[in-house]
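We use all heavy atoms of the structure for the numbers below, so side chains are in, but hydrogens, waters and symmetry mates are not. Chain letters run A, B, ... following the sequence lines, proteins first and then strands; every chain starts at 1.
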2 protein chains.
Amino acid sequence: MWIPIQLNEQSAEPLYHQIEVQLRALIVSGQLPEGTLLPSIRELAQQTKCSVITIRRVYQDLENEGLLRTRQGTGTFVAQVDGQQRDNQRRSAVMTAIETAAEAGLRVHYTDDELIGMLREALLRMRPAAGEAEHGSGQGEGGRQHDG
Amino acid sequence: MWIPIQLNEQSAEPLYHQIEVQLRALIVSGQLPEGTLLPSIRELAQQTKCSVITIRRVYQDLENEGLLRTRQGTGTFVAQVDGQQRDNQRRSAVMTAIETAAEAGLRVHYTDDELIGMLREALLRMRPAAGEAEHGSGQGEGGRQHDG
DNA sequence: TATACTGTGTATATGAATATATACAGTATA
DNA sequence: TATACTGTATATATTCATATACACAGTATA
């Protein structure tokens, strides 16, 4: 049992948070369907080379958000949430970040069009040649600092 | 000597960081021109009701970024940076936030158009009626006076 | 020089965030 | 029941962020 989690050891962003963000996205985007049995905390701890307690925290946090359901002795599953609610979570995760960006933009007096242009640029850069033959160049994504 | 800094005591965002973000924006957007003498650290500390050391840290951080210049015994000034470089800083402050948002969006499989739409929404919400009845540049209620 | 401003350096308190080991408890099944 | 898995609870180490007091040093000027 394996799920795609990529940790950046360099980043100042704490492990538990990196894992949470990625796992949350997998669930909320439907890539991990309802009822899916996740790896055990020990298994995922081994995969990610961090402690069991850290993974436990991740599972616990996501359970508190209603995304997971755990049964002691059995395992941890993707919870069933109604589509409406899941959409909300999916949306709000992104909207929060967008609002932060918009705020930053307004503060330094960028126009709406300029900001939208910058978003277009960023997307183009991060989603290289979607439709072309790209293969290979590992676009320098990655290490950002923690958000404020 | 007074500069418009608004602190949110409730926020989890630390004081020094709130001040830095706002002061950086004032400089980088040109609202505080080159050569402007800032309030002394003691004065700004009083205005913001936080300690001198905290303000000192702010000034020091911004000096390390090249935005300020301090002369012991005299005061702290807005540094002269060539327009190119200042534009870069203005831009990168926003771009970083935009990239974070884009990353979040891609993770949950939003399309570019959806993300752009969300940004439009956010801007509309945060910059209400910018072509309607309101005249004036709308920014910052609470008075911007500026005498020297 | 005396005074009253500037910024600077050192040393420190405090609390939260991060991560951990280890022992405990529930569940499934041969 | 014995075993081998699950998750859980407690207690703790460590580091970093935040904020501070207070003595020190440079500058301007009456």
Side-chain angles (χ1 to χ4, degrees), chain A residues 1-3 5 7-23 35-79 143-148, chain B residues 1-3 5 7-24 35-79 148:
Chain A
M1 200 181 307
W2 177 89
I3 53 176
I5 301 281
L7 264 25
N8 178 357
E9 284 291 348
Q10 316 315 325
S11 166
E13 189 187 1
L15 296 177
Y16 87 93
H17 195 258
Q18 293 185 45
I19 301 174
E20 276 189 18
V21 166
Q22 292 182 44
L23 186 48
T36 305
L37 174 61
L38 295 184
S40 76
I41 56 179
R42 286 172 180 82
E43 203 176 343
L44 188 50
Q46 196 169 14
Q47 177 192 319
T48 58
K49 297 187 204 335
C50 68
S51 89
V52 168
I53 292 87
T54 298
I55 302 300
R56 160 119 154 91
R57 172 178 182 170
V58 170
Y59 279 10
Q60 200 165 245
D61 286 352
L62 294 185
E63 182 169 24
N64 288 339
E65 292 178 24
L67 293 177
L68 296 181
R69 230 192 115 99
T70 65
R71 283 209 309 253
Q72 183 171 350
T74 307
T76 300
F77 304 84
V78 176
R144 214 153 259 43
Q145 81 302 6
H146 49 318
D147 49 325
Chain B
M1 200 180 306
W2 177 89
I3 53 175
I5 300 281
L7 263 28
N8 178 358
E9 285 290 349
Q10 315 316 327
S11 166
E13 190 186 0
L15 297 177
Y16 87 93
H17 196 257
Q18 291 184 46
I19 301 173
E20 277 189 18
V21 166
Q22 292 182 43
L23 186 49
R24 188 182 297 112
T36 304
L37 175 61
L38 295 184
S40 77
I41 57 178
R42 286 172 181 82
E43 203 176 343
L44 188 51
Q46 196 169 13
Q47 176 192 320
T48 56
K49 298 187 203 335
C50 69
S51 90
V52 169
I53 292 87
T54 299
I55 303 299
R56 161 118 152 90
R57 172 177 183 171
V58 170
Y59 281 8
Q60 200 164 248
D61 286 352
L62 294 185
E63 183 169 22
N64 288 339
E65 293 178 23
L67 293 177
L68 295 181
R69 230 192 115 100
T70 66
R71 282 209 308 252
Q72 184 170 350
T74 307
T76 301
F77 304 83
V78 176

Check your understanding: When the distance from CG of B:Leu68 to P of C:dT6 is rounded to whole Å, what number comes out?
Key -> 16 Å
Check your understanding: Do you know which two heavy atoms are closest between B:Ala79 and B:Gly66, and how far apart they sit?
Key -> CB-O, 3.5 Å
Point to revise | Length of the OH-C1' vector between B:Tyr16 and D:dC16, whole Å | key: 10 Å
Review point. So, is B:Ser51 near the phosphate of D:dA19, with a side-chain N or O under 4.0 Å from OP1 or OP2?
Key: no
Check your understanding: Between A:Gln47 (side chain) and A:Trp2 (backbone), is there a donor-acceptor pair under 3.5 Å?
Key -> no
Check your understanding: Where the side chain of B:Arg57 is concerned, which of C:dT18, D:dT18, D:dG7 is the nearest nucleotide?
Key -> D:dT18
Exercise for review: Kindly determine whether B:Glu9 and B:Lys49 satisfy salt bridge (charged side-chain N to carboxylate O under 4.0 Å, His left out), including the steps that lead there.
Suggested key: CA-CA 11 Å; B:Glu9 285 290 349; B:Lys49 298 187 203 335; over 6 Å; no
Practice item. Indicate whether any N or O donor in one side chain lies under 3.5 Å from an N or O acceptor in the other, for A:Arg42 and A:Gln46. Key: no
Practice item. Mind listing the closest non-hydrogen atom pair of B:Gln18 and B:Asn8 along with its distance? Key: OE1-N, 2.8 Å
Practice item. Considering just the side-chain nitrogens and oxygens of B:Thr70, establish if one lies under 4.0 Å of OP1 or OP2 belonging to C:dT8. Key: yes
**Study point:** C:dG7 OP1/OP2 closer than 4.0 Å to side-chain N/O of B:Thr76
**Key:** yes
Exercise for review: Using whole Å, report how far CD of A:Glu43 lies from P of D:dA4.
Suggested key: 17 Å
Study note, to complete from the structure: For DNA chain C, consecutive-pair runs of 3 or more (Watson-Crick or G-U wobble, both H-bond-type distances under 3.5 Å) give C:1-30 with D:1-30
Check your understanding: Roughly how far, to the nearest 0.5 Å, is CD1 of A:Ile41 from OG1 of A:Thr70?
Key -> 9.5 Å
Review point. Want to settle it: does B:Leu15 or A:Ile53 sit nearer the 5' end of DNA chain D, counting the closest nucleotide to each?
Key: A:Ile53
Revision key, fill the gap. Which of A:Asp61, A:Ile5, A:Ile3 passes side-chain contact (heavy atoms from CB on, under 4.5 Å) with A:Ile19? It is A:Ile5
Practice item. Rounded off to whole Å, could you give me the NE2-to-C1' distance for the A:His17 and C:dA17 pair? Key: 12 Å
Check your understanding: Just how far, in rounded Å, is P of C:dT27 from CZ of A:Phe77?
Key -> 12 Å
Review point. If every non-hydrogen atom of A:Leu37 is compared with every non-hydrogen atom of A:Met1, which pair is closest and at what distance?
Key: O-SD, 3.1 Å
Review point. Does B:Arg57 make a cation-pi contact with B:Tyr16 (under 6.0 Å, within 45 degrees of the axis)?
Key: yes
Review point. Counting only side-chain N and O atoms of A:Arg56, is one of them less than 4.0 Å from OP1 or OP2 of D:dA9?
Key: yes
Please list, for nucleotides 23-26 of chain C, all pairs of protein and nucleotide N/O atoms separated by less than 3.5 Å.
from, atom 1, to, atom 2, distance (Å)
C:dA25, N3, A:Gln72, NE2, 2.9
C:dG26, O4', A:Gln72, NE2, 3.2
C:dG26, N2, A:Gly73, O, 3.3

**Study point:** Separation between CD of A:Gln60 and CG of A:Leu68, rounded to the nearest 0.5 Å
**Key:** 11.0 Å
Practice item. Could you state the atom-to-atom distance from CD of A:Glu13 to P of C:dA19 in whole Å? Key: 10 Å
Point to revise | Nearest-nucleotide pick for A:Thr54, side chain only, options being D:dG7, D:dA19, C:dA19 | key: C:dA19
Point to revise | Between D:dT18 (P) and B:Gln60 (CD): distance, integer Å | key: 15 Å
Practice item. Starting at atom CG of A:Leu38, determine the distance to atom P of D:dG7, rounded to an integer number of angstrom. Key: 9 Å
Check your understanding: Given that A:Lys49 and A:Arg71 both sit by DNA chain C, which one's nearest nucleotide is further toward the 5' end?
Key -> A:Lys49
